[in-house]
Amino acid sequence: NSLEGAAAGEISALEEAFRKFAVHGDTRATGKEMHGKNWSKLCKDCHIIDGKNVTTTDVDIVFSKIKGKSVRTITFEQFKEALQELSKKRFKGKSDEEALQEIYKLIEGKGPGLTGVTKTVASPTVSRLTDTSKFTGSHKERFDASGKGKGRAGREDLVDNSGYVSGYKHAGTYDHKVQGNK
């Protein structure tokens, strides 16, 4: 009975890892199916790919073999099949069952890593360059007092094309002059 409980706990931890990787990088993903890209990421991040016994090519071949002909994703059941296939290659000296348990241990509780993701740097140089209150000359006019950009009005001289002569100083005074003379 305790063995069944441990196995059930293991499966849920494995399924949890599967879901985390399945939704990684895809806002529309449900977590029930995994794309090849995320399968490769799981294999890299969880160190299933060791460079000797299992390579990225092996991982891609297993994925293509397990998934359906016209489908681009694998389900959790197919995922377990793929792991079984890879476990034989990764842990050659062990029995199939032992190898499968070892590969499960590599994956359980893991999530997609964010290595190589660009982080913003808050250096004094960058903050000085982006502080609009320190801008001078024509650049200063592009922002209002609060530091918010004025958009197009701040970048271009907007031309007043109203009237017969554009930019005429006394525009709108005709009626006033005519009325004043009467």
Side-chain angles (χ1 to χ4, degrees), residues 1-132 139 142 147-149 151-152 155:
N1 223 13
S2 64
L3 270 177
E4 283 175 26
E10 254 168 41
I11 298 300
S12 66
L14 184 71
E15 199 163 352
E16 182 65 29
F18 172 81
R19 287 210 172 103
K20 282 180 187 171
F21 277 97
V23 298
H24 178 73
D26 187 3
T27 51
R28 293 169 299 170
T30 58
K32 289 180 173 51
E33 295 180 329
M34 183 183 287
H35 283 278
K37 177 176 64 96
N38 291 4
W39 162 250
S40 293
K41 182 165 179 57
L42 179 138
C43 292
K44 278 190 194 96
D45 289 3
C46 297
H47 305 292
I48 293 171
I49 296 172
D50 60 358
K52 285 184 237 113
N53 299 331
V54 179
T55 63
T56 50
T57 309
D58 296 327
V59 168
D60 293 340
I61 289 168
V62 167
F63 183 82
S64 297
K65 196 160 106 180
I66 297 293
K67 75 173 179 62
K69 284 261 186 274
S70 61
V71 192
R72 298 171 119 179
T73 57
I74 56 170
T75 62
F76 183 64
E77 294 307 314
Q78 290 171 317
F79 169 71
K80 289 197 289 191
E81 276 178 54
L83 287 179
Q84 205 162 4
E85 194 94 9
L86 283 177
S87 66
K88 293 172 193 163
K89 278 188 167 194
R90 179 74 162 82
F91 302 102
K92 279 187 179 153
K94 302 191 173 179
S95 71
D96 288 359
E97 190 55 40
E98 273 183 82
L100 196 58
Q101 290 308 315
E102 288 291 325
I103 215 159
Y104 284 177
K105 282 180 194 161
L106 286 176
I107 296 168
E108 283 169 8
K110 293 240 172 69
L114 296 175
T115 52
V117 176
T118 310
K119 291 180 180 70
T120 57
V121 180
S123 71
T125 311
V126 172
S127 63
R128 192 172 65 242
L129 291 171
T130 56
D131 184 4
T132 58
H139 302 291
R142 293 179 50 202
K148 188 169 174 4
R152 187 171 166 208
R155 285 192 305 276

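- When the side chain to side chain donor-acceptor pair (under 3.5 Å) test is applied to Lys67, no partner is found at least two apart in sequence or on another chain.
- Just one residue in the list Asn53, Val59, Leu100 forms a side-chain contact (heavy atoms from CB on, under 4.5 Å) with Leu86, and that residue is Val59.
- In terms of the side chain to side chain donor-acceptor pair (under 3.5 Å) criterion, residue partners of Lys65 (sequence neighbours excluded) are, by chain and number, Glu85.
- With sequence neighbours excluded, the residues satisfying ring pair (Phe, Tyr, Trp, His ring centres under 6.0 Å) with Phe18 are Phe76, Phe79.
- Glu77 meets the side chain to side chain donor-acceptor pair (under 3.5 Å) test with no other residue; sequence neighbours excluded.
- For the atom pair OG (Ser87) and CD (Gln101), the distance works out to 9.5 Å, reported to the nearest 0.5 Å.
- Listed here is the closest heavy atom pair of Phe91 and Ala99: CD1-O, 3.6 Å.
- Between Ala22 and Met34, the shortest heavy-atom distance links the atoms N-CE, 4.0 Å.
- With His24 as the partner, the side-chain contact (heavy atoms from CB on, under 4.5 Å) test is satisfied by one option alone out of Lys41, His35, Lys37: Lys41.
- Separating the NZ atom in Lys105 from the CG atom in Leu14 is a distance of 13.0 Å, to the nearest 0.5 Å.
- Atom CZ in Phe63 sits 15.5 Å away from atom CG in Asp58 (nearest 0.5 Å).
- Once rounded to the nearest 0.5 Å, the distance linking SG of Cys43 with CD1 of Ile48 reads 4.5 Å.
- Remark: Arg90 CZ to Ile103 CD1 distance equals 7.0 Å, nearest 0.5 Å.
- Shown here are the salt bridge (Lys or Arg N to Asp or Glu O under 4.0 Å) partners of Lys94, two or more places apart in sequence or in another chain: Glu102.
- Atom NE2 of His47 sits about 8.5 Å away from atom CG of Leu106, to the nearest 0.5 Å.
- Applying the side chain to side chain donor-acceptor pair (under 3.5 Å) rule to Ser40 yields the partners Asp60; only residues at least two apart in sequence or on another chain are considered.
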Practice task
Test side-chain contact (heavy atoms from CB on, under 4.5 Å) on Glu81 and Val62 and set out the steps.
Solution key: CA-CA 9 Å; Glu81 276 178 54; Val62 167; over 6 Å; no

Problem - Residue pair Thr73, Trp39: steps toward the side-chain contact (heavy atoms from CB on, under 4.5 Å) verdict - result: CA-CA 9 Å; Thr73 57; Trp39 162 250; over 6 Å; no

